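Following: one structure in structure tokens, then a few remarks.
On a predicted model such as this, the values are computed, not experimentally measured, just so you know. Chain A is the first sequence line, chain B the second, and so forth, proteins listed ahead of strands; every chain is numbered from 1.
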Amino acid sequence: MNAEIKEKIRDYICRQLLNNPGYPLGDQEALITGGLMDSFSLAQIGVFIENEFGVYIPDTDLTVDKMDTLDQITGSILSRKNA
Amino acid sequence: MDIISLNFLFFVIIALVVYYVLPFRYQNAWLLVASLVFYLTWGVGVTLLLVFVSLVNFFLARRMSASENHRRHLLILGLVLNVSALVFFRLTSSGYIIRAVEYLSGRPAEGSLSILNALLPIGFSFYILQAISYLVDVYQKQIPPSDNLPDFCLYMAYFPRLLSGPIERARVFLPQLARPRRVNADAWSRSIMQILIGLLRKVLIAEVLKAAIPEYMFNRPLEYAATDLAVGIAIYGFWLYNDFAGYTGIVRGVSGLFGIQLSPNFQQPFFARSFVEFWNRWHMSLSFWLRDYIYFPLSRSLLRKNPNPKKLLNILVPPLATMLFSGFWHNLGVYMLGWGALHGLYQVFERFASVYRPGLPAQKRPWLVQVLNAIKINLLLIPTWILFGSGSLQRAFRFTSALFTAEGKPAVLPVQMIVPAVWIIISLMIDWFQYHSGNEFIFLKWRRFAQAGALAAILLALALNSLWNEIPVASFIYQGF
Amino acid sequence: MEKQSPSRTLVIDRPFGLVFLYAILLVVIAWGMAEGFFRLTIGAGWLPMPRIGSVNAELDTKLFLLDKYIADRGPVDCIFLGSSQFDEAVDPAVFDSVFSGISGRQINCFNFSLGTNTASGDGRIASLLAKKYHPRIIFIGLSARDFSDDFGELTRPLLEDPWVRYSLGEFTLSGWLAENSLAYRELLTIRSDLNPDYMALHDRLSFQLTESGYLLLTGTDLSNPKKNFIPKFMLSKEDMAGLDEMIALDSPETEMVFVEVPVHPSFLPFYVQADEQAYYTLFQSPVADYLARSGKEFWLTQKNIGDVIADSGWTDVKHLNRDGSIAFSSWLAERTAKAISMGRISLPAE
């Protein structure tokens with residue numbers, strides 16, 4: 001499930017946020033601090049996660065500390081799914 | 001009690017000594033007492049207001065958490081109360097209400113109506129945002145409601161951040177109060193470093209830059225030459241930055257001596273390569289508050305209705321609404337709404353560009369392009385400084401027009417720009433070291449001799465500044481007699 | 001091993017404060033080296049003496065000139081002090097020459113008048129000069145404007161200057177450093193060099209002031225705006241206090257001589273409340289009476305000034321030019337020599 005979630009997120013980010021489906025997004029690549037995602041992208045991905053996984057990530061958790069890498073985003077989703 | 005004063009220094013020393021001696025269980029109470037004493041120096045009324053606001057929000061949050069059925073209503077009540085209070089004080093301090101009352105009644109507002117001329121209590125804008133964020137976080141169950149009234153009051157009244165922020169989040173601040181603090185030699189070094197750099201920025205750099213800005217450039221721009229105005233507005237942003245960042249450095253350092261970390265407020269904003277990045281680096285505590293409590297809720301609400309990121313509403317509304325609120329929060333004048341609208345529009349344009357013409361993110365472009373982008377952002381900031389500093393839309397337009405047409409006698413001579421230019425370079429160098437290393441405390445990693453040299457220079461500069469402040473300034477500009 | 005306070009909040013876990021100590025040491029060493037360098041170079045004459053760096057460029061310039069004057073000629077015997085009117089009225093070189101021609105004795109005089117000065121400034125500066133330089137005579141030039149609150153723009157702030165206060169006996173750190181540290185004075189000089197208003201006045205004075213402090217002006221323009229120069233005249237409390245201070249300085253060691261500074265006769269009807277009589281009744285007589293009560297004479301000049309100074313001797317209706325100052329300085333020297341010969345002023349034997 002971990003891998004599935006991660007791949008869906010990766011696909012969404014590359015297609016919808018980066019407009020570059022072929023982009024080789026790494027698991028540890030800095031999305032926010034690396035400039036690939038901004039506030040609007042975070043809002044978009046927040047809504048995507050709600051719709052796709054039924055998980056609500058609060059606005060105050062859409063931060064660099066918790067959403068900067070694919071691994072962190074996946075972890076945020078899993079922790080709420082399991083809670 | 002001003003932060004830059006001997007009184008404040010003695011106050012902190014006394015507060016610190018007692019704090020270190022007290023066992024943990026009494027430290028928070030002591031800090032609360034100290035904070036209330038500090039605020040009392042600004043007035044009994046404002047202190048009572050702070051206590052009242054703290055009590056209302058504390059009990060509202062507890063009620064909200066205890067009552068599932070009425071949570072939403074109580075949140076709305078809390079938001080209405082807090083925002084109404086902010087609107088009330090903004091209206092009274094801007095003079096709108098009293099002018100309206102006098103216009104309608106046909107006579108001056110006196111006696112009990114004089115409350116309508118109330119000034120905004122110092123620090124109110126900051127702690128009211130803290131109250132709002134607390135209520136929303138409790139509502140969203142991000143944090144449990146505090147069951148410790150003194151700790152919650154301390155969250156609201158904590159003296160280092162009381163006057164001008166940073167705006168703290170309960171979820172970050174309250175846990176610090178709940179556990180014993182340890183202040184070791186490293187913490188002291190970091191705190192002293194923050195205080196010294198803060199003093200350097202606020203007492204030295206900001207004061208020199210303020211003196212270099214033509215005094216009446218917003219009120220009477222046509223009395224100056226266009227070059228004076230250009231120089232003045234070019235310096236303005238640096239002055240504002242060093243003044244505010246200096247203050248933040250000092251209060252964060254003071255707080256660090258108590259073992260309590262306050263949020264950073266600035267992160268080398270003049271190196272931003274986009275406006276989105278600028279607002280992640282300038283007045284960060286406010287910026288992130290606006291992002292979390294206005295921008296994100298609005299964006300997500302619109303995206304849920306229509307997930308297409310290219311939809312006009314999705315692009316326009318969130319940044320504009322957020323920055324308009326920011327403008328209102330600063331001041332209710334039309335000019336500040338204009339300031340907010342301009343910043344909002346800048347972000348809208350950036351959004352359009354990234355949606356319709358996506359390219360490499362700013363950080364991944366060649367360094368020369370990054371430098372040019374940073375210069376571009378700083379140039380585009382100039383109209384926003386004009387609005388921010390002018391105090392009225394009319395003065396802003398007059399100033400802008402005078403930038404191109406003023407033919408007054410030049411008041412600013414090149415030799416007068418040497419010292420301000422040196423200080424701006426020093427300010428940028430401090431920023432550069434921190435930016436390049438990604439470490440606010442990079443100076444503590446320098447070799448001891450280099451640290452001592454920098455410290456010696458700062459101490460000497462502060463000492464000379466203190467001595468030279470005694471030398472009077474002749475208000476009469478000698479023209480010949 | 002941790003050192004812990006009873007509350008365990010403060011934990012000094014390593015030596016702390018070394019960087020601070022090194023910084024203090026660096027400041028002391030750097031300051032010491034700078035001090036040594038400047039004492040050597042200034043002492044050897046390779047660098048000029050740095051200025052005091054006060055708010056008033058003319059004060060700094062005159063101090064510099066006076067110290068140089070004393071270094072060249074020995075102690076100063078008499079000092080002239082007043083506003084720009086006295087600055088431009090008295091050439092000490094002419095005074096010295098005429099005086100020595102009459103009395104047969106040498107005298108060293110210096111003009112320390114300061115533009116915009118009033119009586120309160122005169123009082124403080126006179127005290128400072130008496131304390132620092134011990135002149136035998138201080139001539140105070142007084143005009144009606146010297147007693148009006150409307151004036152004194154450049155000299156009233158001077159009285160708050162830390163070096164001036166220090167020189168008058170009040171300890172200020174900045175004043176102490178300015179007196180005792182050449183490195184600090186160099187910094188003050190640099191600070192004032194970066195002030196264009198200060199430097200504009202300093203540069204102008206550098207070529208207008210003679211080595212004895214006289215402000216030399218040429219040309220004549222007697223156009224009179226015919227306005228009420230001082231609409232509401234009153235002897236201000238602050239300036240009367242300055243007069244008291246000057247009277248109190250009078251002693252066997254330092255004679256205080258009070259001289260009326262004249263204006264052009266055509267200006268007199270517009271000087272004080274647009275009434276020539278008001279000049280005499282509101283200024284000249286009250287000041288003369290006040291001085292007389294303390295046993296001091298007010299040397300009057302206004303009534304017959306036309307006999308002493310021709311129209312061509314005025315640069316404007318309030319100030320004398322080169323020709324006028326020669327005439328006035330000569331008159332003053334003659335008057336002084338006469339007063340000495342009659343025992344009204346005493347000068348020690350040479």
- Message: Under 4.5 Å from any heavy atom of chain B, what part of C/L18 do you find: side chain, backbone, both or neither?
- Response: side chain
- Quick one: what part of C/Y184 sits under 4.5 Å from any heavy atom of chain B, side chain, backbone, both or neither? side chain
- Item | N/O donor-acceptor pair under 3.5 Å between B/R181 side chain and C/T9 backbone | no
- Message: Does any backbone or side-chain atom of C/L177 lie under 4.5 Å from a heavy atom of chain B? Answer side chain, backbone, both or neither.
- Response: side chain
- B/L464, part contacting chain C, at a heavy-atom distance under 4.5 Å: side chain
- What part of B/L460 is in contact with chain C, defined as an atom under 4.5 angstrom from a non-hydrogen atom: side chain, backbone, both or neither? side chain
- Task: Please state whether the side chain, the backbone, both or neither of C/W31 comes within less than 4.5 Å of a heavy atom of chain B.
- Result: side chain
- Item | Residue part contacting chain C, namely of B/V415, when any heavy atom lies under 4.5 Å | both
- Does some side-chain heavy atom of B/F8 sit less than 4.5 Å from a side-chain heavy atom of B/F159? yes
- Message: Out of C/L25, C/L187, C/V19, C/L159, return the one with the most heavy atom pairs under 4.5 angstrom to chain B.
- Response: C/V19
- Return the orientation label for the C/F229 and C/Y271 ring planes: parallel under 30°, perpendicular over 60°, tilted otherwise. tilted
- Query: With only heavy atoms counted, which part of C/I24 is less than 4.5 Å from chain B, the side chain, the backbone, both or neither?
  - Reply: side chain
- Message: Is B/L455 in contact with chain C via its backbone, its side chain, both, or neither, using a 4.5 Å heavy-atom distance?
- Response: both
- Task: Please work out whether the ring planes of B/W188 and B/Y20 are parallel, tilted or perpendicular, with thresholds of 30° and 60°.
- Result: tilted
- Message: Suppose we call two aromatic rings close when their centres sit under 6.0 Å apart. Are C/W163 and C/Y166 close by that rule?
- Response: no
- Message: Which atoms of B/S466 are under 4.5 Å from chain C, going by heavy atoms: the side chain, the backbone, both sets, or neither?
- Response: neither
- Query: Should C/E179 and C/K132 count as an ion pair when the cut-off is N to O under 4.0 Å?
  - Reply: yes
- Query: Would you call C/F112 and C/I125 a side-chain contact if the rule is heavy atoms closer than 4.5 Å?
  - Reply: yes
- Query: Relative to chain C, which of B/D186, B/L413, B/I418 shows the most heavy atom pairs under 4.5 Å?
  - Reply: B/D186
- Taking the six-membered ring for Trp and the single ring otherwise, decide whether the centroids of C/W314 and C/F328 are under 6.0 Å apart. no
